[in-house]
Number of protein chains: 4
Amino acid sequence: MKRFMRMSSQKSTTDATPATAVPIAPSTAAPKMPSRERGRARVAALLAAASAVFAEKGYDAATMTEIAARAGAPIGSLYQFFPTKAVLADALLTQYADALVALLIDLESRAAALSPDALAAALLAVLPSLRVERAAAFALIDARPDMVAQQGQLRARLRQAIAAVLRAKSPTLPAERAAAMAVTLLQMMKGAAALGDEPDLAQGHEAQAGLVHAAGLFIADALA
Amino acid sequence: MKRFMRMSSQKSTTDATPATAVPIAPSTAAPKMPSRERGRARVAALLAAASAVFAEKGYDAATMTEIAARAGAPIGSLYQFFPTKAVLADALLTQYADALVALLIDLESRAAALSPDALAAALLAVLPSLRVERAAAFALIDARPDMVAQQGQLRARLRQAIAAVLRAKSPTLPAERAAAMAVTLLQMMKGAAALGDEPDLAQGHEAQAGLVHAAGLFIADALA
Amino acid sequence: MKRFMRMSSQKSTTDATPATAVPIAPSTAAPKMPSRERGRARVAALLAAASAVFAEKGYDAATMTEIAARAGAPIGSLYQFFPTKAVLADALLTQYADALVALLIDLESRAAALSPDALAAALLAVLPSLRVERAAAFALIDARPDMVAQQGQLRARLRQAIAAVLRAKSPTLPAERAAAMAVTLLQMMKGAAALGDEPDLAQGHEAQAGLVHAAGLFIADALA
Amino acid sequence: MKRFMRMSSQKSTTDATPATAVPIAPSTAAPKMPSRERGRARVAALLAAASAVFAEKGYDAATMTEIAARAGAPIGSLYQFFPTKAVLADALLTQYADALVALLIDLESRAAALSPDALAAALLAVLPSLRVERAAAFALIDARPDMVAQQGQLRARLRQAIAAVLRAKSPTLPAERAAAMAVTLLQMMKGAAALGDEPDLAQGHEAQAGLVHAAGLFIADALA
DNA sequence: TATGAATGAGCATTCATTCAT
DNA sequence: AATGAATGAATGCTCATTCAT
């Protein structure tokens with residue numbers, strides 16, 4: 001039943017960056033962003049609930065009904081903003097990518113002043129800082145073979161941001177080289193995050209330190 | 001996708017791994033394979049089919065009916081060997097762990113003779129060698145938060161095997177240290193596998209080499 | 001698609017035909033059409049949109065939202081004029097009957113001068129002349145067994161008008177006889193319309209001519 | 001969730017014509033025909049229930065749940081045999097067409113011995129003889145713009161069968177001419193059926209007789 | 001013992017209608 | 001008065017699991 005979507009009365013009154021900057025082309029449709037306060041709060045609550053439920057149950061096992069209920073919203077409301085489950089997942093993934101990129105951009109401005117080891121430590125600290133969101137994002141990515149596109153975009157954005165950090169640290173680093181290093185480092189960042197999710201692991205701290213150490217060696221070696 | 005359970009005797013999800021313990025039983029001629037042999041072949045076919053379907057669709061989207069069909073087996077037969085979907089998933093995970101551990105035990109016997117770099121390369125080559133099985137295993141682990149126990153066991157077995165490899169290389173390495181390093185290295189192995197799954201990535205090879213390089217540096221540094 | 005009704009004052013589905021009774025109201029200039037004039041235009045647009053959407057999708061599949069959207073009207077406005085979907089359907093049906101009756105009244109004034117064959121041709125040409133409206137009307141009638149009342153009224157009005165045409169042609173025809181003939185002829189008119197809706201039918205033209213011929217024979221025979 | 005469909009063990013034991021010969025290409029999939037008694041009875045009950053509910057409510061307003069309930073079957077059972085609502089509708093339509101064609105084939109064998117008037121009467125009696133089925137079939141055809149293909153097939157089969165009747169009556173009639181006449185006559189048959197559905201119409205009988213009379217004139221005229 | 005038809009709770013999604021703004 | 005976001009019952013359909021044969 002075709003759902004039409006207006007560009008809706010873009011009033012520039014209090015129009016700062018919306019709580020969640022969901023960009024261009026998700027799965028099929030775009031989440032409809034509310035123009036007024038109530039909707040804003042509701043969308044935030046829905047996204048938070050979705051994040052929690054996806055993280056807890058995984059994409060398939062999560063039900064739209066539970067997400068709505070946990071946000072204290074009627075199911076129709078959830079569908080008003082996110083016309084399908086897939087769109088909701090997309091919005092969440094995009095939100096997560098936005099947050100990560102923001103952290104990396106911040107790191108970019110501080111990179112020049114950091115030692116290789118400190119830079120490694122800072123990078124590997126990025127992913128663990130958004131626990132629930134990451135768990136949700138990973139649940140989405142891994143459970144949905146049809147999500148590969150989003151997954152690819154997310155990775156591409158992160159790699160680009162990491163490469164930018166590296167070049168801020170060492171402006172003479174060739175772009176190609178920075179890109180390849182970013183790919184390597186992103187995997188190590190994921191590893192660190194995974195360890196952060198396993199808190200009762202005996203050797204957890206030491207292992208995380210090991211990963212940071214390896215990353216430090218890798219960066220130092222590359223910049224030498 | 002919560003689904004109620006009709007009077008099912010709901011066995012703990014952790015037992016029943018029929019795939020792993022069936023011993024080798026010779027047969028006389030051919031026409032009517034003794035049921036032991038027949039069963040072995042059927043279980044193997046079912047597990048292979050399950051692996052493929054889980055890898056393709058993820059745990060929830062995979063249906064028992066499709067798995068049975070792809071194995072050329074009637075659904076009743078599938079349930080004869082694997083009384084629930086969860087048991088089937090468990091069996092798959094255990095089978096995967098068995099295969100990985102076997103590879104690591106093999107490596108353990110060769111470790112002493114390898115340079116740190118060669119050892120790193122050998123380790124990071126383990127996970128990528130079982131593509132479909134790994135994809136299936138990841139689909140199971142990531143889509144099912146209630147599978148955390150299995151996940152933990154799998155990781156524990158792998159870490160132990162990796163630690164054994166390290167101590168085969170350097171018998172004086174303290175057990176604690178080896179254990180921590182194993183944790184670190186397992187993350188890097190996962191990273192390498194992940195890159196292996198993204199074959200059209202421009203910097204893929206270089207990045208994988210970077211990961212091997214970092215692991216080599218890490219091992220050399222630790223053994224120094 | 002049973003749908004419950006929230007506290008609605010559930011008016012009989014047979015009243016409320018706002019489209020048909022709005023008299024002609026002149027306006028002064030242009031910029032701000034007096035609301036009477038505005039309302040007339042809006043109602044016309046809504047009915048046209050409804051007609052198109054009902055014809056395309058059928059009664060149930062048509063949504064009030066799409067109808068409003070296609071008329072360029074807000075949904076609230078649609079409900080201002082037509083308090084329920086059923087009322088909208090009624091209005092459409094009534095409008096269609098009005099249009100048909102007008103055509104038949106016109107024919108009535110010309111009937112005396114026509115030969116039986118010409119009269120048959122003229123009658124069978126009435127229904128095909130309002131394609132979209134007819135499609136919409138049929139969609140409404142056929143999809144809604146609870147619309148039987150409307151359906152009956154529509155038929156009754158048409159039969160009366162057809163009988164009037166017959167008696168204009170042959171004033172001595174007994175009323176009873178004219179009524180029965182009208183029933184017969186209305187069925188043949190429907191048949192002709194149905195053929196008109198199937199334009200890529202090989203024998204379409206010949207068949208339509210056949211229907212006209214049969215109707216001509218029937219009329220001539222009756223008036224003899 | 002792809003539903004695979006076996007050609008299932010075509011045992012030729014008691015394999016007479018299945019209760020409902022659902023032929024080649026319906027909407028998307030084919031109804032799965034049961035091989036044994038119980039299923040046979042259940043399918044018949046489901047089709048009867050579907051026929052009644054579609055006739056009463058129309059296609060959209062009919063719910064699968066009600067159809068199953070009225071057949072005394074659980075919803076899952078309904079879906080076992082008819083994987084979608086559309087397939088169920090198709091099966092019904094096909095069943096209806098089969099029944100009508102059978103009646104016409106019977107008429108074909110008697111046609112030569114009938115007068116034009118008697119033939120007309122026999123033809124116009126065909127449709128009214130399957131009241132509920134016809135109501136259901138019309139509800140399906142009229143409410144579903146996407147059913148046009150089935151609709152066309154049904155009409156084509158009927159027209160062919162009618163043409164065969166005409167040529168049985170008058171073997172010298174050119175095929176083309178018979179085809180065109182069949183189109184015309186089918187419309188008159190529909191008209192007669194429609195009148196049969198309106199039993200409390202004062203002039204009903206006379207009007208139906210009028211239709212038969214017109215058809216008789218038409219046939220006699222054509223065969224002259 | 002082996003088979004696969006049967007079961008029914010649960011899921012994603014829709015849309016007529018209301019009413020706060 | 002005019003608007004369109006909010007609401008939630010109802011729908012078509014799925015599939016793990018059972019059990020009669």
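So that the names make sense, note that chain A is the first sequence line, chain B the second, and so on, each numbered from 1.
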Q: Using the side-chain heavy atoms of P74(B), tell me which of these nucleotides is nearest: dG4(F), dT3(E), dA16(E).
A: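 Selected nucleotide (nearest to the side chain): dT3(E).
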
Q: In whole angstroms, how far is the C1' atom of dC11(E) from the NZ atom of K57(A)?
A: 13 Å

Q: Identify the two heavy atoms, one from A71(B) and one from L46(B), that lie closest to each other, and give their separation to 0.1 Å.
A: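 The pair with the smallest heavy-atom distance is CB-CD2, 3.7 Å.
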
Q: Atom CG of D60(D) and atom P of dT14(E): how far apart are they, to the nearest Å?
A: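 D60(D) atom CG is separated from dT14(E) atom P by 15 Å.
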
Q: Does NZ or CZ of K85(C) lie under 6.0 Å from the centre of the six-membered ring of F54(C), at an angle within 45° of the ring axis?
A: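 No, cation not above the ring by the 6.0 Å, 45° rule.
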
Q: Rounded to the nearest Å, what distance is computed from the CD atom of residue E66(C) to the P atom of nucleotide dG4(F)?
A: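 The distance from CD of E66(C) to P of dG4(F) comes to 17 Å, rounded to the nearest Å.
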
Q: Nearest 0.5 Å please: distance from the CD1 atom of I67(D) over to the NZ atom of K57(D).
A: 9.5 Å

Q: Which of these nucleotides, dG8(F), dT14(E), dA16(F), is closest to any side-chain atom of Y79(A)?
A: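 Among the listed nucleotides, the one closest to the side chain of Y79(A) is dT14(E).
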
Q: Please state how far atom CD1 in I75(C) lies from atom P in dA16(E), giving the value in whole angstrom units.
A: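 After rounding, the reported distance stands at 8 Å.
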
Q: Specify the separation, in whole Å, of atom CE of M64(D) and atom P of dC11(E).
A: 21 Å

Q: Tell me, what's DNA chain F's dot-bracket, Watson-Crick or G-U with both distances under 3.5 Å, | for other-strand, [ ] crossing?
A: .||||||||||||||||||||

Q: Roughly how far, to the nearest 0.5 Å, is CG of L93(A) from CG of D90(A)?
A: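 So the CG of D90(A) and the CG of L93(A) are separated by 7.0 Å.
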
Q: Could I get the full list of side chain to side chain donor-acceptor pair (under 3.5 Å) partners for R70(B), not counting sequence neighbours?
A: E56(B), E66(B)

Q: Tell me which of G76(C) and G76(A) sits closer to the 5' end of DNA chain E, going by the nucleotide each one is nearest to.
A: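 Counting from the 5' end, the first nearest nucleotide belongs to G76(A).
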
Q: If you measure from OH on Y79(C) to CE on M64(C), what distance do you get to the nearest 0.5 Å?
A: 4.0 Å

Q: Could you give the CG-to-P distance, from L78(D) to dC15(F), as a whole number of Å?
A: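 In whole Å, dC15(F) P and L78(D) CG are 17 Å from each other.
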
Q: Does a side-chain N or O from R42(A) land closer than 4.0 Å to OP1 or OP2 of dT7(F), or not?
A: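 For dT7(F), OP1/OP2 do have a side-chain N/O of R42(A) under 4.0 Å.
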
Q: Considering just the side-chain nitrogens and oxygens of S77(D), establish if one lies under 4.0 Å of OP1 or OP2 belonging to dT7(E).
A: yes

Q: Can you check the I67(B) CD1 to dC15(F) P distance for me, whole Å?
A: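 Roughly 12 Å, once rounded to whole Å.
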
Q: Let me know the distance between CG of L88(D) and C1' of dC13(F), rounded to the nearest Å.
A: 13 Å

Q: How about L47(D) and L88(D): do any of their side-chain heavy atoms sit closer than 4.5 Å?
A: yes

Q: Has Q80(A) got a side-chain N or O lying under 4.0 Å from the OP1 or OP2 atom of dT7(F)?
A: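 No, because none of the side-chain N or O atoms of Q80(A) sits under 4.0 Å from OP1 or OP2 of dT7(F).
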
